[in-house]
Engineer: 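This is the structure I want to talk about, given as structure tokens.
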2 protein chains.
Amino acid sequence: MTKRPPITNRVRDYRERHGGLTQAQLGEAVGVTRHTIIAIEQGHYSPSLETAFRIARLFGAGVEDVFGWEG
Amino acid sequence: MTKRPPITNRVRDYRERHGGLTQAQLGEAVGVTRHTIIAIEQGHYSPSLETAFRIARLFGAGVEDVFGWEG
DNA sequence: GCGCGATGTCGAAAATATTTGACATTCACG
DNA sequence: CGTGAATGTCAAATATTTTCGACATCGCGC
């Protein structure tokens, strides 16, 4: 996982569709810092499954609604 | 994520339902070692989203079919 | 223009996931 | 009984994720 992982994400979309939730607010709501949210949105690395679940559930969505696989 | 993460998994079930795939074979098929498979099956830590996707897709399943959330 | 909130970037530290190798256990089979 | 395959465990090294702090930029209202 040195390079960009084959994972897509729509957390920015979900964020905006959720009352314009801020990166910092989303981070705090799921227990990570805003840096982590930024890195995930930009695909710098693949988050842990736990972080992915927390983000998806906060939006009332499934993991595969928020994150996609380009395999 | 120091302790057991709130994540459940059915990889042992899927392994057995897939022709008795071995931990070592599953690991090799998805690009991790058998130790990683053991740790995941026993819930010692939460895998990366990338590893979770690889395992699920190998079984032709979705991430949330193989991994569950106890939140 | 000035200030402010949101976003982004950089580098380095801390925490966690993954690898490796050596060894123990269990169980089926000869 | 002995051998081998599958599973587990342990400790240590490496890789990756996450945190932290400082600073830059952008857009917007005053």
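Every chain is numbered from 1 and lettered A, B, ... according to where its sequence line falls, protein lines coming before strand lines.
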Engineer: Among C:dT18, D:dT19, D:dG8, find the nucleotide with the atom closest to the side chain of A:Thr33.
Structural biologist: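 Nearest to the side-chain atoms of A:Thr33, counting from C-beta on, is D:dT19.
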Engineer: What's the closest nucleotide to the B:Gln42 side chain, out of D:dT18, D:dG8, C:dT20?
Structural biologist: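 Of the candidates, D:dG8 comes closest.
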Engineer: Tell me, which of residues 17-29 of chain B have any heavy atom that sits under 4.0 Å from an atom in DNA chain D?
Structural biologist: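 Output list: B:Thr22, B:Gln23.
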Engineer: By the salt bridge (Lys or Arg N to Asp or Glu O under 4.0 Å) test, which pairs, at least two apart or in different chains, include something from residues 24-33 of chain A?
Structural biologist: none
Engineer: C:dA17, C:dT9, C:dT18: which one has an atom nearest the side-chain heavy atoms of A:His44?
Structural biologist: C:dT9
Engineer: Side chain of B:Arg12, heavy atoms from C-beta onward: which of C:dT18, D:dT7, C:dT7 has the nearest atom to it?
Structural biologist: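 Output: D:dT7.
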Engineer: In whole angstrom, give the distance that lies between atom CD1 of A:Ile40 and atom C1' of D:dT18.
Structural biologist: 9 Å
Engineer: What does the B/S/- profile of nucleotides 23-30 of chain C look like, 5' to 3', with a 4.0 Å heavy-atom cutoff to protein?
Structural biologist: --------
Engineer: Listing request: all side chain to side chain donor-acceptor pair (under 3.5 Å) pairs with a residue in residues 12-21 of chain B, at least two apart in sequence or in separate chains.
Structural biologist: B:Arg12-B:Glu41, B:Arg15-B:Glu41
Engineer: At how many degrees, to 10°, do the end axes of the helix from C:dG1-D:dC30 to C:dG30-D:dC1 meet when each uses five pairs?
Structural biologist: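 Rounded value for the end-axis angle: 30°.
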Engineer: For residues 57-71 of chain A, which side-chain N or O atoms pair as donor and acceptor with protein atoms under 3.5 Å away, sequence neighbours left out?
Structural biologist:
from: A:Arg57; atom 1: NE; to: A:Ala61; atom 2: O; distance (Å): 3.4
from: A:Arg57; atom 1: NH2; to: B:Glu64; atom 2: OE1; distance (Å): 2.4
from: A:Arg57; atom 1: NH2; to: B:Glu64; atom 2: OE2; distance (Å): 2.7
from: A:Glu64; atom 1: OE1; to: B:Arg57; atom 2: NH2; distance (Å): 2.5
from: A:Glu64; atom 1: OE2; to: B:Arg57; atom 2: NH2; distance (Å): 2.7
from: A:Glu64; atom 1: OE2; to: B:Val63; atom 2: N; distance (Å): 2.5
from: A:Asp65; atom 1: OD2; to: A:Gly62; atom 2: N; distance (Å): 3.0

Engineer: Heavy-atom contacts under 4.0 Å between residues 62-71 of chain B and DNA chain D, which residues?
Structural biologist: none
